[in-house]
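Note that the numbering runs from 1 along the sequence shown for the chain.
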Amino acid sequence: MMRLPPIVVAVVAAACSHGPPPDFAPDPGLVAQIREIRMATGTQACPGETFGASYTAVLNDGALVPFENRYDSKHPPRLHVNFLERASNQATPLEGGGWAAEPDALASGITGFQLTASLRAKPSITTSTTLTPDYACMPHAFGFRGAGAGAAGPQVTVRVGILRSPFYQRLMIVGVEVEDAPPFYVFADANTVPPSDWVVIEARGSRGARGADGETGTRGAPGASGCPGGTGGPGGNGGNGGPGGYGGRGGQITIVAPSEEPFLAGLVDARTPGGEGGVGGAGGKGGAGGVGGEPTTPSNTACTKGNAGPPGRPGVRGVDGRDGQAGGRPQILTVGGRDLWGNRAPPALVDLINYRGGARR
């Protein structure tokens, strides 16, 4: 049997003891004393980010017992986070008690991040909390390219408006549609957004195709046999590399803003550069010179093998393609009411459009 070195054995043992075993369960006597679970976490969470949480059991006598997120087989904890059933429609439970917030801001726009934790051994013992969405971490610079070498940039539609949610009196929403792909949305507190060029949208043409490589030159003909042998023929020159293709033309960006607040179109920094020219193809290698001719009488010292022929010249690298032309200036449309969000608005956005309540803060 193969034996592992001591260091490897230690690493394997540490990896295996990272979490509690599957049959690890709380003491029934302790479970019977638990009257409440408390969950402590931050008050806000940003879509797409992870955040921690801690959990504590409150016993009948008021004593507090924490749910540990580490496990030591020699000193097992009285309670472990694995004893909890955690659930949320707006976040994913992580190992160790933490959570990963749903990246789609629409998921928490109306509800916030609602978290629930229940004791598996006693499901009636449960707790829940709601975190306010904080959109400060969301990206607001996006770049798109045309599909295929030398293709024009995509058609992009950007919709900008301000709605209200249970958490924000003025909720900035930017919807981005690229060609036929489903739209995605960026949220922000409208009170923190600068007056212009807040969202950067780039619709760039594709890079031009790479030029074809030149062919390798042919090998020179072998020298004739003789006394001495003949010199080999010169190798053929390598072919020149092909030119790179032209970069694609920049795309087209359409900005749709509400007729009541047309200045919101200025929040979009629309860029439509052409694609970079393709790289020229590499020149082909020069062909090898032909081998020298064989001596007809090897025993005669005057009869020697001929010299090899000179190699061919390598081909010249192809020229790079020209950069594509920039796309046209962005088109700005102002519309009113529900027309702002188009006919592809998902249900979660419709809920925000229809929301008429006040913000909690």
Straight-line distance of Arg210 CZ to Asp320 CG, nearest 0.5 Å: 10.0 Å
Mark yes or no: Arg120 above the aromatic ring of Phe83, with NZ or CZ under 6.0 Å from the six-membered ring centre and no more than 45 degrees from the axis. no
Any Ser196 side-chain heavy atom under 4.5 Å of Phe263 side chain: no
Side chains of Arg86 and Leu115, heavy atoms from C-beta outward: is any pair under 4.5 Å? no
For the CH2 atom of Trp99 and the OG1 atom of Thr41, what is their distance to the nearest 0.5 Å? 9.5 Å
Would you say Glu215's side chain and Gly283's backbone share a donor-acceptor pair under 3.5 angstrom? no
With a 4.5 Å cut-off on side-chain heavy atoms, are Leu106 and Phe187 touching? yes
Measure across Leu267 and Pro194 and return the closest heavy-atom pair with its distance rounded to 0.1 Å. CD2-O, 3.1 Å
Do you know the tightest heavy-atom contact between Ala91 and Ala101? CB-CA, 4.1 Å
State whether the side chain of Arg356 and the backbone N or O of Ile353 hold a donor-acceptor pair below 3.5 Å, judged by distance alone. yes
If Ile, Leu, Val, Met, Phe, Trp and Tyr residues are connected whenever their side-chain heavy atoms lie under 4.5 Å apart, and connections chain through other members, are Ile125 and Leu30 in the same group? yes
Using the side chain to side chain contact (heavy atoms under 4.5 Å, CB included) rule, take Glu276 and Arg204 through it: C-alpha gap first, then chi angles, then the decisive distance, then the call. CA-CA 9 Å; Glu276 304 89 340; Arg204 182 185 291 270; 3.9 Å; yes
Within a radius of less than 6.0 Å around CZ of Arg317, do more than 12 heavy atoms belonging to other residues, nucleotides or ligands occur? yes
Might you confirm whether atom CZ of Arg78 has over 12 heavy atoms from other residues, nucleotides or ligands at distances under 6.0 Å? no
Please give me the minimum heavy-atom distance between Gly97 and Ala53, naming the atom from each residue. O-CB, 3.7 Å
Do Leu131 and Gln44 have side-chain heavy atoms sitting under 4.5 Å apart? no
Around atom CD of Gln114, are there more than 12 heavy atoms from other residues, nucleotides or ligands closer than 6.0 Å? yes
Can you check whether Val316's main-chain N or O pairs, donor with acceptor, with Asn240's side chain at less than 3.5 Å? yes
So does Asp72 pair up with Arg70, basic N to acidic O under 4.0 Å? no
When you compare the side chain of Val199 with that of Val186, does any pair of heavy atoms fall below 4.5 Å? no
Could you tell me whether the side chain of Ser206 and the main chain of Gly146 form a donor-acceptor pair under 3.5 Å? yes
Are the side chain of Asp323 and the backbone of Gly277 linked by a donor-acceptor contact shorter than 3.5 Å? yes
Within residues 248-340 or reaching into it, pairs that qualify as disulfide (SG to SG under 2.5 Å) - sequence neighbours excluded: Cys227-Cys303
Donor-acceptor contact present, side-chain Thr334 to main-chain Pro258, <3.5 Å: no
Same cluster for Phe67 and Val58 if Ile/Leu/Val/Met/Phe/Trp/Tyr side chains link at under 4.5 Å? no
Asn89 atom CG, over 12 foreign heavy atoms within 6.0 Å: no
Tell me, do Leu163 and Leu349 make a side-chain contact under 4.5 Å, heavy atoms counted? yes
Output the distance between atom CZ (Phe144) and atom CD (Glu202), rounded to the nearest 0.5 Å. 10.0 Å
Working note: Ile37 + Thr126, criterion side chain to side chain contact (heavy atoms under 4.5 Å, CB included); need CA distance, chi angles, decisive distance, verdict. CA-CA 6 Å; Ile37 294 176; Thr126 185; over 6 Å; no
State, yes or no, whether a side-chain contact exists between Tyr355 and Pro166 at a heavy-atom distance under 4.5 Å. yes
Tell me whether Leu119 shares a hydrophobic cluster with Phe24, the cluster being built from Ile, Leu, Val, Met, Phe, Trp, Tyr side chains joined at under 4.5 Å. yes
Counting C-beta onward and ignoring hydrogens, is there a side-chain heavy-atom pair between Pro66 and Tyr55 closer than 4.5 Å? no
Is Leu94 reachable from Phe113 through a run of hydrophobic residues whose side-chain heavy atoms are each under 4.5 Å from the next? no
Apply side chain to side chain contact (heavy atoms under 4.5 Å, CB included) to Ile34 and Leu59, showing your working. CA-CA 4 Å; Ile34 298 176; Leu59 306 187; 3.8 Å; yes
Closest heavy-atom pair and its distance - Thr231, Ala308: CG2-O, 4.1 Å
From the list Val268, Val174, Leu264, Thr192, side chain to side chain contact (heavy atoms under 4.5 Å, CB included) partner of Trp198 resolves to Val174
Counting only heavy atoms not in Asp180, do more than 12 fall under 6.0 Å of its CG? no
Distance col, row Glu68:CD vs Asn82:CG, nearest 0.5 angstrom, shows 12.0 Å
Just by distance, do the side chain of Arg145 and the backbone of Gly205 share a donor-acceptor pair under 3.5 Å? yes
Using the ring pair (Phe, Tyr, Trp, His ring centres under 6.0 Å) rule, take Tyr168 and Tyr135 through it: C-alpha gap first, then chi angles, then the decisive distance, then the call. CA-CA 11 Å; Tyr168 294 90; Tyr135 305 115; 5.5 Å; yes
Side chain to side chain contact (heavy atoms under 4.5 Å, CB included) evaluation trace for Val156 with Phe142: CA-CA 11 Å; Val156 182; Phe142 305 93; over 6 Å; no
Starting at CG of Leu171, measure out to CG of Asn191 and round the result to the nearest 0.5 Å. 10.5 Å
Which heavy atom of Pro26 sits nearest a heavy atom of Ala121, and at what distance? CG-CB, 4.3 Å
Return the CD to OG1 distance between Glu36 and Thr127, rounded to the nearest 0.5 Å. 7.0 Å
So side-chain hydrogen bond (donor to acceptor under 3.5 Å, both in side chains) across residues 152-162, not counting sequence neighbours, yields Arg159-Glu177
